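Take a look at the structure below.
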Amino acid sequence: MTRFRFVKERKPHLKSPGEIEAMKAAGQLSARALKLAGGLVRPGITTLEIDGCVEEFIRAEGGVPAFKGYGGFPCSICASVNEQVVHGIPSGDVVLKEGDIVSIDTGAIVDGWVGDNAHTFTVGAVAPGIQRLLDTVERALWAGIGQAVCGNHIRDIGFAVQSIAEAGGYSVVRQYTGHGIGRAMHEEPSVPNFGREGEGIMLEEGLVLAIEPIVNMGTKHVHILEDRWTVVTDDARPSAHFEHTVAVTGDGPVVLTRE
């Protein structure tokens with residue numbers, strides 16, 4: 001789940017190797033929930049149906065849906081369709097159809113630790129231009145993860161994401177970013193998807209980040225709908241969103257939201 005970036009940064013809480021190990025349970029449950037959600041995506045299903053299945057699964061596995069009730073959010077997943085950027089509220093009125101894309105963001109709490117991840121899924125066959133957007137943003141995610149190493153800076157992650165996104169002809173959303181994560185969903189620091197190399201805090205061993213490129217096919221400008229949650233592109237063109245929870249370790253980045 002994204003956060004606003006316009007906050008005063010404070011020193012992040014670094015996790016011990018044991019705490020990072022403990023976070024893997026939350027990360028893996030979040031990953032399994034996301035995989036379940038993706039397997040349900042098909043023409044004719046509603047986003048509320050997907051939400052109900054994911055909530056039931058997380059609770060059955062001994063976890064707690066991290067998003068439900070967070071800041072008043074009413075559901076267990078975010079489901080953002082086509083021009084919806086992030087924080088789409090699942091609804092029985094939103095029926096997925098052939099050619100749509102849907103960003104699904106899942107999070108789970110296990111033993112007080114939070115996992116957070118997202119993937120933009122295709123609903124049946126999509127236009128080649130849409131698939132190219134998704135492929136580019138997923139590649140940008142892994143480029144950003146590759147920069148999450150000790151001694152780099154937080155904006156090195158954003159620079160990697162921005163470089164790939166803009167080389168593809170796309171725009172990076174500025175208002176929403178990745179974030180630190182641990183016992184709270186949103187911890188320091190913010191992780192912008194843009195920036196210049198060498199800027200921002202230095203990455204240290206024990207830092208755990210939710211890295212999440214949010215990239216639009218058209219304009220970078222977005223706005224929030226009247227539901228006070230759903231973010232959409234100003235030009236109504238598609239947006240894609242991918243995310244992993246990643247630990248910075250002495251052996252390089254470790255993706256915690258991976259089965």
Side-chain angles (χ1 to χ4, degrees), residues 1-7 30 33-34 37-38 40-41 46-55 58 64-96 100-109 114-121 123 133-134 137 141 161 171-181 184-187 190-194 209-245 257:
M1 180 177 271
T2 54
R3 65 179 263 180
F4 288 102
R5 72 180 178 91
F6 301 107
V7 296
S30 299
L34 185 60
L40 295 170
V41 169
T46 70
T47 53
L48 188 62
E49 288 177 288
I50 298 173
D51 178 75
C53 291
V54 169
E55 177 173 359
I58 291 173
V64 176
F67 301 165
K68 192 161 190 177
Y70 186 85
F73 191 76
C75 295
S76 295
I77 68 170
C78 299
S80 308
V81 182
N82 296 332
E83 75 277 6
Q84 295 178 354
V85 180
V86 289
H87 303 163
I89 300 174
S91 169
D93 294 329
V94 178
V95 182
L96 298 180
D100 283 343
I101 57 173
V102 55
S103 162
I104 297 180
D105 196 343
T106 64
I109 302 170
V114 184
D116 187 9
N117 56 183
H119 188 97
T120 301
F121 298 97
V123 185
L133 169 67
L134 271 56
V137 182
L141 167 64
V161 170
S171 62
V172 174
V173 172
R174 264 57 172 180
Q175 290 96 319
Y176 299 89
T177 72
H179 49 91
I181 187 169
M185 171 73 69
H186 294 128
E187 298 183 352
S190 294
V191 188
N193 294 304
F194 60 94
L209 306 171
I211 299 175
E212 49 182 321
I214 307 164
V215 177
N216 297 344
M217 181 170 280
T219 180
K220 66 185 177 183
H221 299 295
V222 301
H223 62 277
I224 303 173
L225 297 183
E226 290 183 358
D227 65 16
R228 300 176 64 184
W229 280 102
T230 308
V231 180
V232 299
T233 58
D234 280 4
D235 59 6
R237 298 186 72 190
S239 181
H241 171 216
F242 291 82
E243 176 184 23
H244 271 305
T245 297
T257 42

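Everything numeric here is computed off the predicted structure, so don't read it as measured data.
- Listed by first and then second residue, the side chain to side chain donor-acceptor pair (under 3.5 Å) pairs that reach into residues 64-76 are Glu55-Lys68, Glu55-Ser76, Tyr70-His186, sequence neighbours excluded.
- With sequence neighbours left out, the side chain to side chain donor-acceptor pair (under 3.5 Å) criterion links Ser91 to no other residue.
- The side chain to side chain donor-acceptor pair (under 3.5 Å) search around Asn82 returns Asp100, not counting sequence neighbours.
- Val85 is not listed as a side-chain neighbour of Tyr176, based on a closest heavy-atom distance of 4.5 Å or more.
- No donor-acceptor pair under 3.5 Å is formed between the side chain of Thr177 and the backbone N or O of Pro192.
- Counting only heavy atoms from C-beta outward, the side chains of Val54 and Ile104 never approach each other to under 4.5 Å.
- Looking at residues two or more places apart in sequence or on another chain, you find a side-chain contact (heavy atoms from CB on, under 4.5 Å) between Ile109 and Val64, Ala66, Val114.
- Pairs of residues two or more places apart, or lying in two chains, never qualify as salt bridge (Lys or Arg N to Asp or Glu O under 4.0 Å) while including a residue from residues 80-90.
- For the residue pair Cys53 and Leu40, the shortest heavy atom distance occurs at CB-CD1, 3.6 Å.
- Scanning for side-chain contact (heavy atoms from CB on, under 4.5 Å) contacts around Ala79 gives Thr47, Ile77, Pro90, Val102, with sequence neighbours left out.
- When the side chain to side chain donor-acceptor pair (under 3.5 Å) test is applied to Thr46, the partners found at least two apart in sequence or on another chain are Glu49.
- Nearest heavy atom pair, residue Glu212 against residue Asp105, reads OE1-OD2, 4.4 Å.
- What you find for Thr106 and Leu34 is that their closest heavy atoms are OG1-CB, 3.5 Å.
- Partners of His119 according to the ring-ring contact (aromatic ring centres under 6.0 Å, His included) rule, which considers only residues two or more places apart in sequence or in another chain, are Phe121, Phe242.
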### Task
Could you check Thr2 against His241 for side chain to side chain contact (heavy atoms under 4.5 Å, CB included), going step by step and ending with a plain yes or no?
CA-CA 10 Å; Thr2 54; His241 171 216; 4.3 Å; yes
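- Without hydrogens or angle criteria, Thr257 side chain to Thr245 main chain gives a donor-acceptor distance under 3.5 Å.
- When the ring-ring contact (aromatic ring centres under 6.0 Å, His included) test is applied to Phe67, no partner is found at least two apart in sequence or on another chain.
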### Verdict with supporting geometry, Lys220 and Val172, side chain to side chain contact (heavy atoms under 4.5 Å, CB included)
CA-CA 6 Å; Lys220 66 185 177 183; Val172 174; over 6 Å; no
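- Applying the side-chain contact (heavy atoms from CB on, under 4.5 Å) test to Arg237 and every residue at least two apart in sequence or in another chain returns Met217, Asp235.
- The side-chain heavy atoms of Ser190 and Arg3, taken from C-beta on, include a pair separated by under 4.5 Å.
- Between the CG atom in Asn193 and the OG atom in Ser171 there is a gap of 11.5 Å [rounded to 0.5 Å].
- Of all non-hydrogen atoms in Ala37 and Ile50, the two that sit nearest each other are CB-CG2, 3.8 Å.
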#### Entry: Stepwise side chain to side chain contact (heavy atoms under 4.5 Å, CB included) check, Thr120 with Val137
CA-CA 9 Å; Thr120 301; Val137 182; over 6 Å; no
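- In this view, Asp227 and Ile89, Leu225, Trp229, Thr230 satisfy the side-chain contact (heavy atoms from CB on, under 4.5 Å) rule, not counting sequence neighbours.
- Residues Leu141 and Ile211 come closest through the heavy atom pair CD1-O, 3.4 Å.
- The nearest pair of heavy atoms linking Ile214 to Val86 is CD1-CG1, 4.1 Å.
- For Ser239, the side chain to side chain donor-acceptor pair (under 3.5 Å) test picks out Asn216, with sequence neighbours left out.
- Side-chain contact check for Glu187 versus His179: every heavy-atom pair is 4.5 Å or farther apart.
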